[in-house]
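The sequence lines fix the lettering, A, B, ..., with proteins before strands; numbering per chain opens at 1. Worth saying up front: this structure is predicted, and the values here are computed from it rather than measured. Just the heavy atoms: all of them, side chains too, but no hydrogens, waters or symmetry mates, feed the values below.
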2 protein chains.
Amino acid sequence: MTPARGPASKPDDSQRKRRPQARALATRDQIVSTAIVCFSNLGFEGATTRWIAEQAGVNQGLITHHFKNKEELWKAAVDRLFANFRNDFAARMEAWQDADRATRVRLIIRHFVRYASEHPEQLRFMMQEGLNSGPRMQWLVENHLSAHYPQFQAMLRDARAENMLIEGDDVHIFYAFVGAASTIFALSAECEHLTGLDPATEKSIEAHAKLVEAMLLVTP
Amino acid sequence: MTPARGPASKPDDSQRKRRPQARALATRDQIVSTAIVCFSNLGFEGATTRWIAEQAGVNQGLITHHFKNKEELWKAAVDRLFANFRNDFAARMEAWQDADRATRVRLIIRHFVRYASEHPEQLRFMMQEGLNSGPRMQWLVENHLSAHYPQFQAMLRDARAENMLIEGDDVHIFYAFVGAASTIFALSAECEHLTGLDPATEKSIEAHAKLVEAMLLVTP
DNA sequence: GTCTATATTATGATAGAC
DNA sequence: GTCTATCATAATATAGAC
């Protein structure tokens, strides 16, 4: 397949270095992307390495080579997932730095709903693991969730300073907010079967964001 | 183990009928109860029939005998789960039939939160299956969920008639409500790891019920 | 109905050629 | 780094004694 590279029996390293590495990284990338979808839809046990490899269009042996085992692949998938989340919100917060505090609170709430609609795999992932209390859930909390919760609390502090937040303590508001914002998108297939509504349409996302905002914030 | 029943080599049916049947029903019951916990915690693929049999204290072969296969056991577990839910709410609705409409709406909302806290397995079960769109999810919607959704809509109708409901359409309010009410209990292990709060305490349940009620109903 | 033993399959992981 | 072939294991389902 690859074009002949002349009579040299052992190719020198300078030629061989870049290209294979780039391809290897692409392979790794492709496996992680596919793993995110598989794990979030089927759970850790439900997703098989064979199926992930097949969907990714790579050989099953490569999963072992790049990630050692299924558990490490799962961690790589989670890392990618939260890196995307962090990058997205970091960019937004920078864009909103000039807005006043009350407006920023509303923007964050609405954007979280929008992010949930665009990344239902993130929410499914969290629920797949959060439902039982195994070691993977613990790893997830310690390595990722625990860093995000204080950011959420900071938002609540701002909202309270503006007298716009519903009464309740942080923990209850956190889970009520996350649940209200994300469940419809995490269960989008069920929603469509049950009610006929596809929650992923622009109109539906906007309606849900408006509802969640109204649920959390008191009318002035 | 069983006391000798005399010299009769073939026991007559009248004596043999009741006792073994009662024991068989108890076995069936025990398997279903255990299956509910296992399936809701680990998901369909994660829960193994071996583990369920072991936890239930019965032989693995009995699962096949009573339920034919894993799928049928799962359906039996769902049927039991929703039967409990229906019975519980039917009893409540009867007890509240004399209350005025506005009070009944508040009672239903609060009781749903309380039920969620007392039966986190129900919510975990729904989420385990609702996250992917396989045939089990379809079965669940058609055989159980589709019967409950109109009841929820009836409650919304009452609430709107009393001008106490937040603005939004039925589908969005439904999933926002279910998510806000149940997520904290479905993810109780995660919640405790992340925040230190055990959501299953009486104080916490009451606080969450109050919050969810405030999120759904407008202040008069 | 209950149990023991086993057949069959499918999964995660590995070995080794290229 | 990539691929094929294979091992070891664990799961569902079955067969048949009691």
Side-chain angles (χ1 to χ4, degrees), chain A residues 1-5 8-13 15-32 34-35 38-39 42-77 134-136, chain B residues 1-2 4-5 8-11 13 15-32 34-35 38-39 42-77 136:
Chain A
M1 289 298 180
T2 57
R5 225 176 318 160
S9 60
K10 39 171 160 174
D12 65 308
D13 282 342
Q15 258 195 354
R16 227 168 116 268
K17 218 158 225 167
R18 293 262 192 280
R19 291 270 289 176
Q21 243 184 23
R23 180 166 152 77
L25 285 179
T27 300
R28 225 191 106 98
D29 235 52
Q30 182 60 24
I31 294 173
V32 173
T34 310
C38 289
F39 280 134
L42 305 168
F44 185 81
E45 284 86 4
T48 70
T49 56
R50 277 176 154 77
W51 179 250
I52 293 172
E54 192 176 323
Q55 290 289 307
V58 304
N59 193 276
Q60 191 214 353
L62 287 180
I63 289 183
T64 310
H65 181 262
H66 283 289
F67 303 97
K68 180 171 171 154
N69 58 32
K70 194 181 181 181
E71 183 108 357
E72 292 300 314
L73 171 58
W74 180 85
K75 288 183 182 176
R136 284 194 303 277
Chain B
M1 287 299 181
T2 55
R5 226 177 317 162
S9 59
K10 41 172 160 175
D13 280 344
Q15 259 196 351
R16 229 167 113 269
K17 220 157 226 170
R18 294 262 191 278
R19 292 271 286 177
Q21 244 185 20
R23 180 166 154 74
L25 284 179
T27 300
R28 224 190 107 98
D29 234 53
Q30 182 59 25
I31 294 173
V32 173
T34 310
C38 289
F39 280 134
L42 304 169
F44 185 81
E45 285 86 3
T48 70
T49 56
R50 277 177 156 75
W51 179 249
I52 292 171
E54 193 177 322
Q55 290 289 306
V58 305
N59 192 277
Q60 192 214 351
L62 288 180
I63 289 183
T64 309
H65 181 263
H66 283 290
F67 302 96
K68 180 170 174 158
N69 57 30
K70 195 182 182 182
E71 183 107 358
E72 292 300 314
L73 171 59
W74 180 86
K75 289 184 182 176
R136 285 195 303 278

(request) Check every atom of C/dA13, C/dG1, D/dT2 against the side chain of A/His66 and return the nucleotide holding the closest atom. (result)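 The closest nucleotide is D/dT2.
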(request) Looking only at side-chain atoms of A/Ala24, point me to the closest of C/dG1, D/dT2, C/dC3. (result)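 Nearest to the side-chain atoms of A/Ala24, counting from C-beta on, is D/dT2.
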(message) Go through it in stages, so that I can follow the logic: the residues are A/Phe67 and A/Arg28, the test is side chain to side chain contact (heavy atoms under 4.5 Å, CB included), and I'd like the CA-CA distance, side-chain angles, deciding distance and then a yes or no.
(response) CA-CA 9 Å; A/Phe67 303 97; A/Arg28 225 191 106 98; 3.7 Å; yes
Enumerate the protein-to-nucleotides 9-12 of chain C contacts in which both atoms are nitrogen or oxygen and the separation is below 3.5 Å.
| residue | atom | partner | partner atom | Å |
| --- | --- | --- | --- | --- |
| C/dG12 | OP1 | A/Lys70 | NZ | 2.7 |
| C/dG12 | OP2 | A/Thr49 | N | 2.8 |
| C/dG12 | OP2 | A/Thr49 | OG1 | 2.8 |
| C/dG12 | N7 | A/Arg50 | NH1 | 3.0 |

Taking atom [atom2] of [N] as reference, at what distance in whole Å does atom [atom1] of [X] sit?
X       : N      : atom1 : atom2 : answer
A/Leu62 : C/dA13 : CG    : P     : 15 Å
B/Leu25 : C/dG1  : CG    : C1'   : 12 Å
B/Ile52 : D/dA11 : CD1   : P     : 11 Å
A/Leu73 : C/dA13 : CG    : C1'   : 14 Å
A/Asn59 : C/dC18 : CG    : C1'   : 13 Å
B/His65 : C/dT2  : NE2   : P     : 8 Å

(message) Would you compute the distance between atom CZ of A/Arg50 and atom CG of A/Asn59 and round it to the nearest 0.5 angstrom?
(response)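 Between atom CZ of A/Arg50 and atom CG of A/Asn59 there are 10.5 Å.
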(message) Working to the nearest 0.5 angstrom, can you tell me the gap between B/Arg23 CZ and B/Gln30 CD?
(response)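 The CZ atom of B/Arg23 sits 11.5 Å away from the CD atom of B/Gln30.
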(request) Return the orientation label for the B/Phe44 and B/Phe39 ring planes: parallel under 30°, perpendicular over 60°, tilted otherwise. (result)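 Rings of B/Phe44 and B/Phe39: parallel, under 30°.
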(request) Taking the side chain as every heavy atom from C-beta outward, state whether A/His66 and A/Glu72 have any atom pair closer than 4.5 Å. (result)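 A/His66 vs A/Glu72: side chains apart.
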